[in-house]
Amino acid sequence: MPRSTNAAVVSVLLGAVLFGTAGTAQALGPAGTTPIGVGTVRLLVGGLGLLLVLPLLGHRRVEALRAARSPWVIASVIGTASYQLCFFAGVERAGVALGTLVAVGSAPLFAGLLGWATGHPPTRAWGVATAVCLLGLTLLSAQGLTGGEPAGVALALGAGLAVAAYTVAVKRAFDAGGRPGPVLTASFLLGGLVLLPVLATQPLAWIAAPRGVALAVYLGLATMTVANVLHARGLARLAPGPVATLMLVEPLVATVLGVVVLGERLTAPAGAGLLLVLGGLLLLGASVRRSDPEPVVPL
């Protein structure tokens with residue numbers, strides 16, 4: 001059982017846990033925030049955070065500029081920016097439960113197919129584990145799976161495709177010799193810059209409030225900088241499909257925090273769905289640890 005594979009699985013899961021706290025953090029933030037405004041600020045702060053810690057990861061900051069020339073990094077920028085726009089617009093039109101389920105649930109399917117097309121074919125175990133997780137997510141979101149505009153569902157699917165494209169593009173950048181630190185820094189900073197015109201249309205008074213500053217710092221540094229370094233450590237070792245499925249722990253964490261912190265109610269079907277997602281993740285983790293090792297990309 002390769003130790004590096006175990007570490008990669010744990011790293012992806014820890015990153016997903018941090019990602020899963022983003023929604024609760026936003027809910028506890030100040031009034032006047034908008035999803036697109038928060039998402040763009042999060043991307044910019046996360047990119048700046050990575051730029052600041054690059055020397056601690058053994059890189060010069062100029063390496064991020066060099067990484068930005070890679071076509072795979074440009075593809076990851078498109079995926080990062082597209083996700084922010086598609087996801088929040090999709091949730092607004094389709095509803096939180098349905099929009100989140102479609103976006104998060106479709107991401108591993110798209111990632112598996114795109115990874116297959118780019119040299120990382122999915123395994124049968126990945127297919128079974130993903131199916132179990134998707135069934136669990138359906139039960140978890142059952143109360144909200146009504147209504148919603150078809151355009152919202154389409155946008156949520158676009159968000160899932162954007163996440164998958166980002167995951168595969170970053171993996172290919174690593175395979176081509178890119179180092180995770182510079183690659184992620186370039187991806188987030190450029191993604192944030194692409195969204196600056198959209199940010200200019202959003203109300204931004206909330207950033208001046210102490211809670212707004214705390215929200216921007218936490219979302220940017222914890223759920224982007226730290227979470228994505230952990231995600232990259234796993235992606236440097238694992239194929240895109242399994243990584244995207246392991247990331248399904250994100251809505252699991254978000255659900256638990258919603259119940260514990262925000263006082264949301266967990267129904268019996270949702271509880272069963274939570275257990276199914278957990279079971280699917282454990283199945284995938286076991287199958288990944290048994291798989292043949294891939295080359296490790298140093299951070």
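Residue numbers start at 1 and run along the sequence shown.
- Side-chain contact between R60 and R66: present, with at least one pair of heavy atoms (C-beta onward) separated by less than 4.5 Å.
- Here L189 contributes atom CG and L184 contributes atom CG; the two are 10.5 Å apart, rounded to the nearest 0.5 Å.
- In this structure, CZ on F19 lies 12.0 Å from CG on L13, to the nearest 0.5 angstrom.
- Inter-residue side-chain proximity for L235 and F174 is flagged as met; some heavy-atom pair is nearer than 4.5 Å.
- F110 places none of its side-chain heavy atoms less than 4.5 Å from the side chain of T167.
- For Y83, the ring pair (Phe, Tyr, Trp, His ring centres under 6.0 Å) test picks out F87, with sequence neighbours left out.
- Put simply, V249 and V261 are part of the same group of oily side chains (I, L, V, M, F, W, Y) that touch within less than 4.5 Å, one to the next.
- E63 pairs by the side chain to side chain donor-acceptor pair (under 3.5 Å) definition with H59, not counting sequence neighbours.
- The distance from the OG1 atom of T21 to the CG atom of L28 is 10.5 Å, given to the nearest 0.5 Å.
- In this structure, OG1 on T34 lies 8.5 Å from CD on Q26, to the nearest 0.5 angstrom.
- A heavy-atom distance below 4.5 Å is not found between the side chains of L215 and I207.
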Do any side-chain atoms of residues 36-55 form donor-acceptor pairs under 3.5 angstrom with protein atoms, and if so which ones, sequence neighbours left out?
from: T40; atom 1: OG1; to: I36; atom 2: O; distance (Å): 2.9
from: R42; atom 1: NE; to: T223; atom 2: OG1; distance (Å): 3.0
from: R42; atom 1: NH2; to: T223; atom 2: O; distance (Å): 3.3
from: R42; atom 1: NH2; to: T223; atom 2: OG1; distance (Å): 3.4

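- Rounded to the nearest 0.5 angstrom, L155 CG and S82 OG are separated by 11.0 Å.
- Note that OG of S70 and CZ of R172 are 10.0 Å apart. Values are rounded to the nearest 0.5 Å.
- A heavy-atom distance below 4.5 Å is found between the side chains of L195 and L85.
- In this structure, V213 and P210 have side chains that are not in contact, with every pair of non-hydrogen atoms separated by 4.5 Å or more.
- Inspection of the Y166 and S187 side chains reveals no N or O donor paired with an N or O acceptor under 3.5 Å.
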